[in-house]
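What you see is a predicted model; the values in this text were computed from it and never measured. Along the sequence shown, residues carry numbers from 1.
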Amino acid sequence: TFKSSVINKDLVIPKGYKVLAQEGTVIDLINSSLILSYSALDFIGSKEKPIKIISSDKTGQGLVVQYAPVSNFKYVQIDGLNAPHKDGWQLTGPVNFYESDINFDNVVISNINYEDTINIVRSNVEIKTSVFKDWLSDCFDGDFITGIIQDSLFMNCGNDGLDISGSNITIKNIKAENLADKGISVGEKSYASIINVEI
């Protein structure tokens, strides 16, 4: 179970665990550290006491979840992280899920200065009532994903609001504003149902 803590070196979580964070938890990634998890993350905050993942020294290299069971994020704020880049390993964004299903509910990801804010690959997704804002490039990048994105805001993106490829996705009740390129980009043999979208 995570409690409010400063992480100053890479944290690798092997398979077979359930990783928990409770309301009010603050995780501060410093000294170019990252969290790499092969287990599901259950980060369940509250409206009054959200969970925060930050980097007080602006060097934290984000969160990578791969080959894991479904993770659940509720009332989580992720702010000001960098993309993982070490030992020849370079990812395009600070929040990454690879072959790891996710549920987001009231998640805010902001102030990211990399190619993508969040990158999800070969995963099932359910994202609702969330905010993706203030990115250098795409606010959301999904490759070979299935599921639904609804009731969410994509704002101040340096490129696309949502960039979807090879996927089967429903996009419903979203707003995308102040974008440098497209509101929604759907390509590479994707199937998308787009309902009630304001761009």
- Between Phe140 and Phe154, what is the ring plane arrangement, given parallel below 30°, perpendicular above 60°, and tilted in between?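 Ring orientation of Phe140 relative to Phe154: perpendicular.
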- Fit a plane to each ring of Phe97 and Phe104, take the angle between them on a 0 to 90° scale, and name the class: parallel (under 30°), tilted (30 to 60°) or perpendicular (over 60°).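 It falls in the perpendicular class, over 60°.
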- Task: Verify side-chain contact (heavy atoms from CB on, under 4.5 Å) between Leu63 and Leu81, making sure each step is shown before the conclusion.
- Result: CA-CA 9 Å; Leu63 175 66; Leu81 302 182; 5.6 Å; no
Consider only side-chain heavy atoms of I, L, V, M, F, W and Y, link residues closer than 4.5 Å, and tell whether [X] and [Y] are in one cluster.
X	Y	result
Val108	Val26	no
Val131	Ile118	no
Val125	Phe132	yes
Ile164	Ile195	no
Tyr191	Ile174	no

Got [X] and [Y] here, is their nearest side-chain heavy-atom distance under 4.5 Å?
X	Y	result
Asp28	Ile30	yes
Leu36	Gln66	yes
Ser33	Leu11	no

- Look at atom CD of Gln77 and say whether more than 12 heavy atoms of other residues, nucleotides or ligands are closer to it than 6.0 Å.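 Yes, because the 6.0 Å sphere around CD of Gln77 holds more than 12 heavy atoms from other groups.
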- Message: For the NZ atom on Lys58, are there more than 12 heavy atoms of other groups (residues, nucleotides or ligands in this structure) within a distance under 6.0 Å?
- Response: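 Not buried by this count: 12 neighbours or fewer within 6.0 Å.
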Side chain of [X], backbone of [Y]: donor and acceptor closer than 3.5 Å?
X	Y	result
Ser71	Ile102	no
Ser190	Gly166	yes
Asp42	Leu20	no
Ser185	Asp163	no
Lys47	Asn106	no
Ser123	Ser100	yes

Distance in Å, [X] [atom1] paired with [Y] [atom2], rounded so as to fall on 0.5 Å steps:
X	Y	atom1	atom2	answer
Ile199	Glu177	CD1	CD	11.5 Å
Leu153	Lys175	CG	NZ	7.0 Å
Tyr75	Glu23	OH	CD	11.5 Å
Lys52	Ile78	NZ	CD1	13.0 Å
Ile53	Ile51	CD1	CD1	7.5 Å

- Message: If you apply the rule side-chain contact (heavy atoms from CB on, under 4.5 Å), what do you find for Asp143 with Asn119, and how did you get there?
- Response: CA-CA 8 Å; Asp143 302 309; Asn119 188 256; 3.8 Å; yes
- Item | Trace of the side-chain contact (heavy atoms from CB on, under 4.5 Å) decision for Phe43 with Lys74 | CA-CA 6 Å; Phe43 284 14; Lys74 185 171 184 178; over 6 Å; no
- Item | Non-hydrogen atoms of Tyr98 and Arg122 that approach each other most closely |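 Smallest heavy-atom distance, with atoms named: OH-NH1, 3.0 Å.
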- Task: Report the C-alpha separation of Asp57 and Thr59 in whole Å, then their side-chain angles, then the decisive distance to 0.1 Å, and conclude whether the side-chain hydrogen bond (donor to acceptor under 3.5 Å, both in side chains) test is met.
- Result: CA-CA 6 Å; Asp57 69 355; Thr59 68; 2.8 Å; yes
- With Ile27, which of Val6, Ile54, Ile35 fulfils side chain to side chain contact (heavy atoms under 4.5 Å, CB included)?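 So, applying the side chain to side chain contact (heavy atoms under 4.5 Å, CB included) to Ile27 and each of Val6, Ile54, Ile35, only Ile35 qualifies.
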- Task: Determine the sole option in Ile145, Ile148, Asp101 for which the side chain to side chain contact (heavy atoms under 4.5 Å, CB included) test with Asn124 is passed.
- Result: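 One option only clears the test, and that one is Asp101.
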- Message: Whether the Asp79 and Ser110 side chains hold a donor-acceptor pair (N or O, under 3.5 Å, no angle test) is what I'd like checked.
- Response: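 A pair is found: one side chain offers a donor N or O, the other an acceptor, under 3.5 Å apart.
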- Query: Does the pair Asp160 and Lys182 meet the rule for a salt bridge (charged side-chain N to carboxylate O under 4.0 Å, His left out), with working shown?
  - Reply: CA-CA 5 Å; Asp160 299 334; Lys182 299 171 289 295; 3.4 Å; yes
